[in-house]
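Report on the following structure.
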Number of protein chains: 2
Amino acid sequence: MTDDLHATVATRLVADEQRYTANRRAVVEVLEAAERPLTIAEILDRRSLAQSSVYRNLVVLEQAAVVHRVTSTDEFARYELAEDLTEHHHHHLICATCGKVEDFTVAPALERTLENAMARVAAETGFQPERHRLDLVGTCATCGQD
Amino acid sequence: MTDDLHATVATRLVADEQRYTANRRAVVEVLEAAERPLTIAEILDRRSLAQSSVYRNLVVLEQAAVVHRVTSTDEFARYELAEDLTEHHHHHLICATCGKVEDFTVAPALERTLENAMARVAAETGFQPERHRLDLVGTCATCGQD
DNA sequence: CTCAGTGCAAAGGATTTGCATGCCG
DNA sequence: CGGCATGCAAATCCTTTGCACTGAG
């Protein structure tokens, strides 16, 4: 599974005329090991890398559709592996207090309903939807212990 | 309707021990006139106000539940009037290319399904959902004209 | 009079970029 | 060898803050 992942990443980078360097692999490994989207600071905590390289490589990886950028309520950008590189489609629980982002999934029936709604919107407006973002914003278990 | 709006805003601010000043009213009027969430720069374009006052007043207005902060794919924060001050609950079409945010609504049945899903997640995890965020990310009509 | 709100300018902090060096192809 | 990736440090840019001033109650 892991080998598959790196092979796929390499393919996507090559398709984008980019190399799969050691630093880029390091970033992918960190995100693979994480169970939730990580901030740049969290990536740097887990691997000793130059900050600017992480920023630059995340741009490259996002452009090659390897990683996905997630926005929370705070000012930090967070990154996760693209959904089609991991097991499945998921959504986010966003803590309005601390900004932490956790993953969750919903029933397939609801997903299908969402897809239908997206298609309808595309038909009614000039907007071309690529993906949907269903997040729950609230208070995480940790911040809720007051 | 407009008078109602300002009366409600005033009430919320008073409840938060804040005044409804001319600058704050100006911000509310700008957001009321807009048909989509606006960036700080867009607010400043529409009214001649000190940048710092806009930032500070948006903090106050958000805390009083008068305005709501929306995150897009770009680095600019966007603001809109709280949903319960305007006609109805809506979602956002977010352009991945230019960051622009437009409003849209979905069928009530889908909304109810979403509410149910939220309640289930709350029961299964320690997370306390306050609201949901269903956005469609894609390409807007303008950026799609290539 | 008092104190919150305002405006200007300077500071903060995440992110980006310039440039010299290193390394893959 | 040539060119992209890297790392350090400096620059950017959205946002926040310090401070003196104004105005509402």
Side-chain angles (χ1 to χ4, degrees), chain A residues 6 9-31 37-64 66-79 98-101, chain B residues 6 9-10 12-31 37-64 66-79 96 98-101:
Chain A
H6 292 294
V9 170
T11 302
R12 293 199 185 175
L13 284 172
V14 168
D16 221 39
E17 295 178 315
Q18 296 285 348
R19 301 179 197 161
Y20 197 21
T21 66
N23 274 357
R24 291 172 188 172
R25 187 174 175 115
V27 170
V28 169
E29 286 172 355
V30 168
L31 294 180
L38 299 182
T39 63
I40 310 281
E42 289 172 331
I43 295 173
L44 290 171
D45 281 348
R46 290 164 170 69
R47 277 300 234 277
S48 187
L49 295 167
Q51 187 189 51
S52 59
S53 293
V54 173
Y55 275 101
R56 274 196 271 239
N57 285 326
L58 283 171
V59 169
V60 171
L61 291 170
E62 186 181 22
Q63 190 156 299
V66 172
V67 306
H68 178 59
R69 182 187 167 128
V70 179
T71 42
S72 173
T73 53
D74 60 19
E75 67 269 38
F76 303 100
R78 284 171 170 76
Y79 292 87
C98 70
K100 196 166 76 173
V101 179
Chain B
H6 292 294
V9 170
R12 293 199 185 177
L13 284 173
V14 168
D16 222 38
E17 295 178 313
Q18 296 286 346
R19 301 179 196 162
Y20 196 20
T21 66
N23 274 356
R24 291 174 187 171
R25 187 174 175 114
V27 170
V28 168
E29 285 172 356
V30 168
L31 294 180
L38 299 183
T39 63
I40 309 282
E42 288 171 331
I43 295 173
L44 290 171
D45 282 347
R46 289 163 171 70
R47 277 299 232 278
S48 187
L49 296 167
Q51 187 189 50
S52 58
S53 293
V54 174
Y55 275 101
R56 276 196 269 240
N57 285 327
L58 283 171
V59 170
V60 171
L61 291 170
E62 187 181 21
Q63 190 156 301
V66 171
V67 306
H68 178 60
R69 182 188 168 129
V70 179
T71 44
S72 173
T73 54
D74 59 21
E75 66 270 39
F76 304 100
R78 284 172 171 76
Y79 292 86
C98 70
K100 196 166 74 172
V101 180

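Convention: sequence-line order gives letters A, B, ...; per-chain numbering from 1. Everything numeric in this text was worked out from a predicted model, so none of it was measured.
Atom CZ in A:R47 sits about 13 Å away from atom P in D:dT6, given to the nearest Å. D:dA5 atom P lies 14 Å from atom OH of A:Y20, rounded to whole Å. One atom, CZ of B:R25, and another, P of D:dA24, lie 15 Å apart when rounded to the nearest Å. One interatomic measurement links the two molecules: CD of B:Q63 to P of D:dT16, which rounds to 13 Å at whole-angstrom precision. Rounded to whole angstrom, the span from the CD atom of A:Q18 across to the P atom of D:dG3 amounts to 16 Å. Spacing between atom CZ of B:R24 and atom P of C:dA4 amounts to 11 Å, rounded to whole angstrom units. In this entry the distance linking CD of A:E17 with P of D:dC4 reads 11 Å, nearest Å. Note: CG (A:L44) to P (D:dC8) measures 12 Å, nearest angstrom.
Ion pair B:R25/B:E29 flagged as a salt bridge, since at least one NZ, NE, NH1 or NH2 atom sits closer than 4.0 Å to an Asp/Glu carboxylate oxygen.
Set against C:dT15, D:dC4, D:dC8, the side chain of A:S52 has D:dC8 as its closest nucleotide. The nucleotide whose nearest atom lies closest to any side-chain atom of A:N23 is, among C:dC8, D:dG7, C:dT16, D:dG7. Listed nucleotides: C:dC24, C:dG5, C:dC19. Nearest to the side chain of B:T21: C:dG5. Picking from D:dA5, C:dA14, C:dG5 the nucleotide with the shortest atom distance to the side chain of A:Y55 gives C:dA14. Set against C:dG18, D:dT16, C:dG7, the side chain of B:Q51 has D:dT16 as its closest nucleotide.
Without hydrogens or angle criteria, B:R47 side chain to B:I43 main chain gives no donor-acceptor distance under 3.5 Å. Not one N or O on the side chain of A:Q63 forms a donor-acceptor pair closer than 3.5 Å with the backbone of A:V60. Between the A:D74 side chain and the A:F76 main chain, a donor and an acceptor come within less than 3.5 Å of each other.
B:L49 comes within 4.0 angstrom of no nucleic acid atom, judged by non-hydrogen atoms across all strands.
Contact of the B:V27 side chain with the B:R24 side chain is not registered, since no non-hydrogen atoms from C-beta on lie closer than 4.5 Å.
Closest heavy-atom contact between A:S72 and A:G99: OG-O, 2.9 Å.
Across residues 67-79 of chain B, B:E75, B:F76, B:A77 each have a non-hydrogen atom less than 4.0 Å from an atom of DNA chain D (numbered order).
Contact of B:R56 with C:dG7 (side chain to base): a donor-acceptor pair of N or O atoms is detected under 3.5 Å.
Judged purely by distance below 3.5 Å, without hydrogens or angles, the side chains of B:H6 and B:Y20 pair a donor atom with an acceptor atom.
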